[in-house]
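Comments concern the structure below.
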Amino acid sequence: MTAEVRRNGRAWGTAEVTEHGTAVRFCISGPLCRDAVYRVWGRSADREPILLGVAEPDGDRLVLDRTRTRSELALFGYRDALPEEYILSVREPEWSISERTGDECIDHAVRAHHLPVEREGELLRIRCAFDKNTEFPLAFAFCLCRVKAGEAVLEWTKKQIEPQ
């Protein structure tokens, strides 16, 4: 699959996405930009954006050649689909759909670690890896998490603050 990569709202380059069994390869390429460190993000309409990586200079081009496993993509809500939109940006794009939980610590962990948030009615489901060799961003809420097969899941109902 080939898709357009956008920068500052304009076409910048291309994304070649190929599947190889349980792996997905993202090859991103476009004209060299020297003014900052650029990251490449992917997303689909109803899913969290996923950081694919940092584009690196290669001659007169910026490129990113990154392979992600299907299980890694599934943590960000891309279990049965792949990102449809791609953007080159210095910081997380404006189109982030992160849900606010109403808890400052959880919201910070979600944003700082780019954790996927799924919505099911009033329930928000936050997932992250749970492995002895990987940082655990939900450690402060461990007693609220369900852990299974290397993944921690925090299910949270958004808190409503009633005016007094």
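The side-chain heavy atoms of Trp12 and Ile87, taken from C-beta on, include no pair separated by under 4.5 Å. Proximity of Thr67 to Val24: side-chain heavy atoms (C-beta onward) are nowhere separated by under 4.5 Å. Looking at Ile28 and Val63, their side chains never come closer than 4.5 Å, going by heavy atoms from C-beta outward. Within the 4.5 Å cutoff, side-chain heavy atoms of Val153 are placed close to those of Glu155. A heavy-atom distance below 4.5 Å is found between the side chains of Leu115 and Pro137. No side-chain heavy atom of Ser71 sits less than 4.5 Å from a side-chain heavy atom of Thr22.
In terms of hydrophobic clustering, with Ile, Leu, Val, Met, Phe, Trp and Tyr side chains grouped at heavy-atom distances under 4.5 Å, Val37 and Phe26 are assigned to different clusters.
Ion pairing between a basic and an acidic side chain is recognised when a charged N comes within 4.0 Å of a carboxylate O; Arg146 and Glu151 show no such pairing. Remark: Arg125 engages Glu120 in a salt bridge, criterion side-chain N to carboxylate O under 4.0 Å.
With sequence neighbours left out, Phe130 forms a ring pair (Phe, Tyr, Trp, His ring centres under 6.0 Å) with Phe136, Phe142. Partners of Glu72 by salt bridge (Lys or Arg N to Asp or Glu O under 4.0 Å), not counting sequence neighbours, listed by chain and number: Arg68.
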Test side chain to side chain contact (heavy atoms under 4.5 Å, CB included) applied to Val117 and Arg119, step by step: CA-CA 7 Å; Val117 179; Arg119 181 183 203 89; over 6 Å; no

Side chain to side chain contact (heavy atoms under 4.5 Å, CB included) between Thr2 and Glu16, intermediate numbers included: CA-CA 5 Å; Thr2 302; Glu16 293 287 332; 2.8 Å; yes

Audit row: Arg127, Leu138, side chain to side chain contact (heavy atoms under 4.5 Å, CB included) steps and yes/no: CA-CA 9 Å; Arg127 300 176 183 277; Leu138 295 175; over 6 Å; no

Check against side chain to side chain contact (heavy atoms under 4.5 Å, CB included), Trp41 and Leu52: CA-CA 6 Å; Trp41 301 81; Leu52 297 174; over 6 Å; no

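With a 6.0 Å radius and a threshold of 12 heavy atoms from other residues, nucleotides or ligands, Arg25 has its CZ atom at or below the threshold.
Using modelled atom types and a 3.5 Å distance limit, the side chains of Thr157 and Glu122 yield no donor-acceptor pair. A donor-acceptor pair shorter than 3.5 Å can be found between the side chains of Arg7 and Tyr38.
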